[in-house]
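Written below as structure tokens is the structure these notes are about.
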Amino acid sequence: MTDPVGKLPSELDQLPDRDAEETAEWAASLDAVTEHAGPHRAAYLMRRTLQHAERAGVPVPRLLETDYVNTIPTSAEPAFDGDEAMEARITAWNRWNAAAMVTRGSRFGVGGHIATFASAAWLYETGFNHFFRGKEGDGSGDQLYIQGHASPGIYARAFLDGRLSEQQLDHFRQEAGGNGLPSYPHPRRLPWLWEFPTVSMGLGPLSAIYQARFNRYLHNRSIKDTANSHVWAFLGDGEMDEPESTAALALAAREQLDNLTFVINCNLQRLDGPVRANFRVVQELEAQFRGAGWNVVKTLWGSAWDELFQLDTTGALVRRLREVPDAQFQTYATRDVAYIREHFFGTGPALAQLASVLSDAKIAECFYTSRGGHEARKVYAAYRAAVEHKGAPTVILAQTVKGYTLGKGFESKNANHQMKKLTSDEFKGMRDLLGLPIPDSAFTGGLVPYGHPGADSAEVRYLQERRAALGGPAPARRVRAVALPAPEERAFKALEKGSGKQEMATTMAFVRLVKDLMRDKETGRRWVPIVPDEARTFGMESLFPSAGIYSPLGQTYEPVDRDQLMYYKEAKDGQILNEGITEAGAMADFIAASTSYATHGEPMIPFYIFYSMFGWQRTADQMWQLADQLGRGFIVGATAGRTTLTGEGLQHADGHSHLIASTNPASLNYDPAFAYEIAVIVKDGLRRMYGPEAENVFYYLTVYNEPKQQPAMPEGVEEGILRGLYRFKEGVAASAEAPRLQLLASGTAIHWALEAQELLSSDWGVTADVWSATSWGELRRDALEADEALLRGEQRTPYVTQALEGAPGPVLAVSDWMRQVPDQISQWVEQDYSSLGTDGFGLSDTREAARRHFGVDARSIAVAALAQLVKRGEVPASAVKEARERYGF
């Protein structure tokens, strides 16, 4: 049903009106204003009324957009806590050296970005001088997510501070010799400076949200007092198009993360041109963040605009600013004043009247340079509002000019993101604009000079005093070695004994192990179980009542299963991070937890368990971020393999995650077959990642959902398990002349190999030794290192070659993965080598049918083994045909 004018009724039409007459009076008042003062005045009054209601706590829907003006008017700006002129000189030096560094590097073709920092310089400088807490004070300091393309400016400031030398600046993007500076924030390449890798766009905002949340997690669990830690994420307006950038906005608001501030540099330009050519990205972002529950502070206009807004008695200027699209405003910054008078002010009589009293110089100042993001007082006011706001995260939308102070050849040009250098004349113009004491004679040999006021200059003393008051230099990464004691052996021994006649999947074996380790008196509370809403799938529901699911609100409801033993328990100090259906969010959790040893000086032991298909395939970019951030912990791909998850079909059939994982140098990848192998791997992982000689690696384990009897651990296999290969079951030869071969299998495939071993012996008189290949990746890593040693003149035999040395017959490798996974080691196996695997798309069927389809079941292995022996002339050629007929092919 619709109303008389054909519009759908609103929700208010469904509510009883206690005083219809009063309601009619309000409506009539609005109609009167509209008729006599115009719709713009009526809209203004409505917005002001809603804003007043919101501030007064009246429960009305929030406005999603406000006028295109500063949230904090000039009259409400707090007193500036510093020497603005001094900070302007410091910023000038940083602008100069950032541009000089990139320009000098262009001689070698290494490139770099200049325009981003030029637009954002005051956004960083204000924070460094007044807000960003360092790590040498109380607590952990603040966490800074620097926009990747702004890194030259951060290097320039570190140079001014004495933390970098000219030689290091001259090795920007030239790292091969070991003394260079990475192009972007890369902790693995410059671990004393950078904490967070951010240049893979979208991952910075997502990680910042989960870092702020993890700070609260540590605090609520009484592991680290993070009350004074604030997370700052510096982002580009174009970057906000990445789905990860906005994926967790609601989480941040829902959990009231007022320890988090986004600073979005709205220079209205992406990499190739305008962000919202035909629209307004600032208004769009405001609506998006306000709708998600964030506090929004817009810092758009510099003080030069104050006069214009005071003259705007009709609201025509504000309305015009709301309607001009990004691309047009970018154009204004590059055209002459006459163009602005015609195309901006010439659209209505009220604007024309306003422009008539403005000088050309005033219009030029407003449209060319006066942006809120370029004025220290405006930025300071926004930051102060952000850190003082309680109950919600804050986003600051700061408008700037991309390429600001770099000259007309750079400012607001579509191509400025790809422009890597300035000419000497452009530098001299920049010098004059910034007022830097750099003589023409310093431009020698065709090189622009670096500039520095001197280690004992007023600028450097001011900078260092400010940083000392805030807790030391920033950004900075500090690692205070804290080795964790080894947990008690009891948990590992339970898996090493085997399961007897009871069947148990390796997924359950891993969960049981971690559950026992979480009870350890010394390290148990440092485990961080992370799961994307599949805990029951992986048998983790037993952890709910004992460890609790983390929620900053605790449990405000009575769970429906409260009367059951394993009920759904949420708690403010809960240990489990159950993230909902978001692998990206769970992975961001893992990164925050896995780097807590550096960020907070508190080593945590995260394990993130997920459908193996939905881990590396969906979030491989975050795995690289994890490696770059030097994270440590256990990533567990459960229900692994292409044939073990019956009925789920193609999208759940993982036959390739180990191949993707092998591309990450920091990932140690294991595909254990038995529970005792898991115990050995996890025990050694704890030693390597959390012991006295902690390594910056993480583990990827694949575990299966197929229940099997778990054997007890044989003696002397620990080294083989960790290095990737050991002989599990030697074949019993019927005679000395019996043909022989080696079957290498990983994960659940070892059960097919063992069955094939029996078939080959009983049906064909062939002896097969079965090897457990716990890690194809570690075997390859070791072999590559041996090859590299040869280049250095060192002789070393790869472990896989040593292990199989003298083993008779061909080698046949089989797994529940693509053949490329076991084929990683083929070139270092001296015997004839072949493989079986699950190449192609997955499918829904029984395990047996799926394995027959891919040709990896026991009978297929037997046929393939016979085929290899036929090639060697060790069995008759007819054996393969006979085997195919016998086994129903």
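From a predicted model like this one, the values you see are computed outputs, not experimental measurements. Below, all heavy atoms of this structure are taken into account, side chains as well, without hydrogens, waters or symmetry copies.
- At least one donor-acceptor pair closer than 3.5 Å links the side chain of His374 to the backbone N or O of Val401.
- Remark: the backbone N or O of Gly153 is not paired with any side-chain donor or acceptor of Asn94 at under 3.5 angstrom.
- Formation of a donor-acceptor pair under 3.5 Å by the Asp67 side chain with backbone atoms of Val69 is not found in this model.
- Judged by distance alone, the side chains of Asn215 and Thr226 never bring a donor and an acceptor atom under 3.5 Å apart.
- With no hydrogens or angles considered, no side-chain donor-acceptor pair links Asn259 and His230 at under 3.5 Å.
- For Arg173, the side-chain hydrogen bond (donor to acceptor under 3.5 Å, both in side chains) criterion is met by Tyr184, not counting sequence neighbours.
- Distance alone, capped at 3.5 Å, is enough to place a donor-acceptor pair between the Arg133 side chain and the Asn228 backbone.
- Applying the salt bridge (Lys or Arg N to Asp or Glu O under 4.0 Å) test to every pair with at least one member in residues 210-219, sequence neighbours left out, gives these pairs: Arg213-Glu255, Arg213-Glu579, Arg213-Asp589, Arg216-Asp258.
- By the 30° and 60° cut-offs, the orientation of the rings of Phe329 relative to Phe367 is parallel.
- Of the residues listed (Phe128, Tyr124, Tyr383), the one engaging Trp232 in a ring pair (Phe, Tyr, Trp, His ring centres under 6.0 Å) is Tyr383, and it is the only one.
- To the nearest 0.5 Å, atoms OG1 (Thr369) and CG (Leu433) are separated by 9.0 Å.
- Contacts classified as salt bridge (Lys or Arg N to Asp or Glu O under 4.0 Å) and involving residues 137-150 (residues at least two apart or in different chains) are not found.
- Of the possible polar contacts, none joining the Trp194 side chain to the Ala476 backbone as a donor-acceptor pair under 3.5 Å is found.
- Under a 4.0 Å N-O distance rule, the pair Arg280/Asp326 does not qualify as a salt bridge.
- A side-chain donor from one of Ser207 and Gln625 sits under 3.5 Å from a side-chain acceptor of the other.
- Asn220 and Tyr550 are linked by a side-chain donor-acceptor pair at a separation below 3.5 angstrom, with hydrogens and angles left out of the test.
- The backbone N or O of Gly451 lies less than 3.5 Å from a partner atom in the side chain of Asn97, making a donor-acceptor pair.
- Using a 4.0 Å cut-off between charged side-chain N and carboxylate O, Asp237 and Lys402 make no salt bridge.
- Under 3.5 Å, the side chains of Lys135 and Ser140 contain no donor-acceptor pair of N or O atoms.
- Remark: Asp306 pairs with Thr74 by the side-chain hydrogen bond (donor to acceptor under 3.5 Å, both in side chains) rule, at least two apart or across chains.
- Of the possible polar contacts, none joining the Trp122 side chain to the Ala88 backbone as a donor-acceptor pair under 3.5 Å is found.
- Atom-to-atom distance recorded for Phe196:CZ and Gln211:CD is 4.5 Å, nearest 0.5 angstrom.
- Checked against side chain to side chain contact (heavy atoms under 4.5 Å, CB included), Leu470 has the following partners two or more places apart in sequence or in another chain: Arg467.
- For Arg254, the salt bridge (Lys or Arg N to Asp or Glu O under 4.0 Å) criterion is met by no residue, not counting sequence neighbours.
- For Glu87, the salt bridge (Lys or Arg N to Asp or Glu O under 4.0 Å) test picks out no residue, with sequence neighbours left out.
- Put simply, the side chain of Val528 reaches to within 4.5 Å of the side chain of Leu577, judged on heavy atoms.
- In this structure, Ser457 contributes its side chain and Gly454 its backbone to a donor-acceptor pair below 3.5 Å.
- Of the N and O atoms on the side chains of Glu65 and Gln283, at least one donor lies less than 3.5 Å from an acceptor on the other residue.
- Proximity of a side-chain donor or acceptor of Glu239 to a complementary backbone N or O of Gly202 within less than 3.5 Å is detected.
- Side-chain contact, Asn696 with Tyr597: a donor N or O sits under 3.5 Å from an acceptor N or O.
- Rounded to the nearest 0.5 angstrom, Tyr210 OH and Ile530 CD1 are separated by 10.5 Å.
- Ionic pairing of Arg89 and Glu459 is present here: one or more N-O contacts between side-chain nitrogen and carboxylate oxygen are shorter than 4.0 angstrom.
- Atom-to-atom distance recorded for Arg632:CZ and Ser594:OG is 9.5 Å, nearest 0.5 angstrom.
- Ser551 and Lys572 form no side-chain donor-acceptor contact under 3.5 Å, judged by distance and modelled atom types alone.
- Between His452 and Phe159, the two ring planes are perpendicular [angle over 60°; tilted spans 30° to 60°].
- Remark: the Gln399 side chain and the Asn267 side chain contain no N/O donor-acceptor pair separated by less than 3.5 Å.
- Side chain to side chain, His149 and Thr116 fail the donor-acceptor criterion of an N or O pair below 3.5 Å.
- Judged as a side chain to side chain contact (heavy atoms under 4.5 Å, CB included), and not counting sequence neighbours, the contacts of Gln330 are Gln269, Pro274, Ser412, Asn414.
- Residues Tyr68 and Val282 form a side-chain contact, since some pair of their non-hydrogen atoms from C-beta on lies under 4.5 Å apart.
- When side chains are defined from C-beta on, Pro182 counts as touching Tyr155, because their heavy atoms get closer than 4.5 Å.
- Counting only distance, with no hydrogens or angles, the side chain of His600 and the backbone of Lys224 share no donor-acceptor pair below 3.5 Å.
- Among the candidates Ser245, Pro393, Pro205, the single residue satisfying the side chain to side chain contact (heavy atoms under 4.5 Å, CB included) test with Phe262 is Pro205.
- Listed by chain and number, the residues in a side-chain hydrogen bond (donor to acceptor under 3.5 Å, both in side chains) with Ser151 amount to none (sequence neighbours excluded).
- When side chains are defined from C-beta on, Arg431 counts as touching Trp96, because their heavy atoms get closer than 4.5 Å.
- Scanning for salt bridge (Lys or Arg N to Asp or Glu O under 4.0 Å) contacts around Arg188 gives an empty result, with sequence neighbours left out.
- For Arg377, the side-chain hydrogen bond (donor to acceptor under 3.5 Å, both in side chains) test picks out Glu84, with sequence neighbours left out.
- In the model, Thr66 has a side-chain atom that pairs as donor or acceptor with a side-chain atom of Glu286 under 3.5 Å.
- Under the rule for a salt bridge (Lys or Arg N to Asp or Glu O under 4.0 Å), the partners of Lys378 that lie at least two apart in sequence or sit in another chain are Glu77.
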